There are 2 protein chains.
Amino acid sequence: MTMSLVSILELRHLRTLAALHETGSVSRAAKRVHLTQSALSHQIKALQSHYGLSIIQRRGQAVELTDAGKRLVALAGKVLEEIQATERSLAKMSQQATGSLRIALECHTCFDWLMPLMDAFRQHWPDVELDLVSGFHSDPVKLLEEGGADVVIGSEHKRQRGIVDHPLFRFEILAVLAPEHPLRRKRILHAADFADETLITYPVPEDRIDLILNVLKPAGIHPERRTAELTVAILQLVASRRGIAALPSWGLKNYVDHDYVIARRISTHGLWSDLYASTLTETASRPYLRDFLTTARNTCFATLDGIIPLE
Amino acid sequence: MTMSLVSILELRHLRTLAALHETGSVSRAAKRVHLTQSALSHQIKALQSHYGLSIIQRRGQAVELTDAGKRLVALAGKVLEEIQATERSLAKMSQQATGSLRIALECHTCFDWLMPLMDAFRQHWPDVELDLVSGFHSDPVKLLEEGGADVVIGSEHKRQRGIVDHPLFRFEILAVLAPEHPLRRKRILHAADFADETLITYPVPEDRIDLILNVLKPAGIHPERRTAELTVAILQLVASRRGIAALPSWGLKNYVDHDYVIARRISTHGLWSDLYASTLTETASRPYLRDFLTTARNTCFATLDGIIPLE
DNA sequence: AAATATTAATGAATATAATTCATATCAAAA
DNA sequence: TTTTGATATGAATTATATTCATTAATATTT
């Protein structure tokens, strides 16, 4: 283990280490920084031999950071944040710190993580007009084009000229049941299990509900539906045995831990959904939009469990 | 001016910006980071077009940092310091934070900048035995080989197996005169001007005094000599008109500003000297030695004026 | 227990991007 | 005006980061 005379450390390494810390796996981290697993493996190897220390340790098939790794992750956190702050200053200097960010949500549960994010954003970009476009919108792409919103957060759209989909993350949708529900015995729920149940959903059309679109409809199953506006309302209905729901895994942890409801995987490999932030191409290059996207990804990966990087 | 979607900023850029700030010129900065002037010019251009802002501004033939440039330099300062701190921690983790650093000085004036440096070093590396090897040593290389010292600070040595010369900086040696000395009228002093003067030097052999070796001896001039141990003593003798001296420019500023003495260039292009830190090859790879060298260079470039990067 | 699927590590090949080289441009000094 | 010292620029080169293809190792499934 010899050491080169000058530091080989680059921000690329710190970005990798941060992603490694957030995702807990080399291949997920690789997705997060848009590189291959191999590339990261080489990067880590280079760092280890440079410092004469191991940075990660294989624990079974997962990896764990060593003390040295944690020290570098701590550095990465500080440094990357300082860089973000500097880049915000630079954007202000180039008079690119003004404009509007009106956010439209295709996905009701996204409120959960969006609220704190918006608070932080307001601090960092006081001169950007921040708004939440309320209500349901049948054609989000049109909304962007007509200037009704600057970002739409939802699923991917068919490739379209002038629109960019910025990948956020992939999450699992779990079935939510009352603790004493008969289906509690099954570890995994399949389409047939929903046949005689009442499905509790947000008040949106069928084709916007992944469970119906990707699981039930293909199996020819059409359960009864009942709707509620708010996530807590849905959970309340589930807990009082009025039916079952399908919700993103991240918002469920607290309720499941307190035995208010139970959660079950849907179909063998689970029902997954990908979340994107879509903008017009011209909007995509604005510094505050880019900053919004990076902090969105950062805070989501830091706070929501079970999500996976896209791309 | 379009912007790429992800930050292209790397530590390399920050190292460049820091050097640019320290040296005030692209080509000197290039020397400092061991690259060509062209490489830095390309780096800066890339940053500027990435952020859509100019970072430097040509003021005549020199360059000046813009506000954006200064912001990035501030970032660089913080970030590079944090990295140094982290690398010290890592060295401790790999048990490479112990050993000895006995410093021998070939150059008397180096005391001036070495003292505060040693204080900082003691803080950062409490488990490294730090010492100053006192007295004059005829053969510094032998001193290293026999283990009498770990670093020798002085001029370059003939390439020798097992010894590495780490370049520190180049500095100018100025003639120092009493303010009312007859030679005050001349802007530049030449060998002949020293013929009838008494030369006041440190108590070292002639072949270790650059003025004699490179200017006077080649011109066949052998002025009287008188010696003093300390820089202040030499200056005192000069001020009281006992003779003239030749000292590094950096230590003179205060005395010249207070009209205690005056300083003059020696020979047309000035008399310059290069300072190196020499170690055994094996010592060179120790983290605390590398840290010592970088902080030495950093503090010198930050505090001593008129010095120029080597290599 | 065997088979299959994940995940990470590795060496060689490739692609990318940083640096150098050669030269042009510019401002200041001689 | 000529010369000198400094930066900018495009093309060529070099360096090196990343990918590809494969192996090894550990879980998970049948």
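Since the structure is predicted, the reported quantities are computational estimates derived from the model, not experimental observations. Here is the naming used below: chain letters follow the sequence lines, and residue numbers restart at 1 for every chain.
Between A:Lys186 and A:Asp193 there is a salt bridge, since a side-chain N of the basic residue sits under 4.0 Å from a carboxylate O of the acidic one.
B:Ile8 has its CD1 atom 11 Å from the P atom of C:dA17, to the nearest Å. In this structure, A:Leu40 places its CG atom 13 Å from C1' of C:dT7, rounding to the nearest Å. Rounded to a whole Å, the NE2 atom of A:His50 is 15 Å from the C1' atom of D:dT16. As rounded to whole Å, 15 Å separates atom C1' of C:dA9 from atom CD1 of A:Ile55. Taking atom CD1 of A:Ile44 as the reference point, atom C1' of C:dT10 lies 13 Å away to the nearest angstrom. The nearest whole Å value for the distance from the CD atom in B:Glu64 to the P atom in D:dA6 is 17 Å. Rounding to whole angstrom units, CD of residue B:Glu10 and P of D:dT16 are separated by 14 Å. Atom-to-atom, NE2 of A:His42 to P of C:dT16 comes out at 17 Å; the value is rounded to the nearest Å.
Between A:Ala46 and B:Arg58, the residue anchored nearer the 5' end of DNA chain D, judged by the nucleotide with its closest heavy atom, is B:Arg58. Each of A:Ala62 and A:Lys45 lies near DNA chain C, and the nucleotide nearest A:Ala62 is the one positioned closer to the 5' end.
Taking each heavy atom of A:Ser7 and A:Tyr51 in turn, the nearest pair found is OG-OH, 3.9 Å. Nearest heavy-atom pair across B:Leu11 and A:Glu10 is N-OE1, 2.8 Å. The two residues B:Leu35 and B:Leu40 have their closest heavy-atom pair at CD1-CD2, 3.9 Å. Across B:Ala296 and B:Thr299, no two heavy atoms sit closer than the pair O-OG1, 3.2 Å. Minimum interatomic distance between A:Ile44 and A:Leu20 (heavy atoms only, all atoms of both residues): CD1-CD2, 4.0 Å. Heavy-atom minimum distance, B:Leu275 versus B:Trp113: CD2-CZ2, 3.7 Å.
Contact annotation: side chain of A:Ser38 to base of D:dC20, donor-acceptor pair present below 3.5 Å. The base of C:dA9 is paired with the side chain of A:Gln37 by a donor and an acceptor separated by under 3.5 Å.
No more than 12 heavy-atom neighbours from other residues, nucleotides or ligands sit within 6.0 angstrom of CZ on B:Arg170. Atom NE2 of B:His166 sits in a crowded spot, with more than 12 heavy atoms from other residues, nucleotides or ligands closer than 6.0 Å.
For DNA chain D, the neighbouring residues in residues 13-35 of chain B, judged by any heavy atom under 4.0 Å, are B:Ser25, B:Val26, B:Ser27.
No side-chain N or O of A:Thr23 forms a donor-acceptor pair with one of A:Arg32 less than 3.5 Å apart.
Distances shown here put every side-chain N or O of A:Ser41 at or beyond 4.0 Å from the OP1 or OP2 atom of C:dA8. Side-chain N/O atoms of B:Gln43 include none lying less than 4.0 angstrom from OP1 or OP2 on C:dA18.
Note on the helix from C:dA1-D:dT30 to C:dA30-D:dT1: angle between the axes of the first and last five pairs equals 20°, rounded to 10 degrees.
For B:Gln61, the listed nucleotide lying nearest its side chain is D:dG5; candidates were D:dG5, C:dA8, C:dT20.
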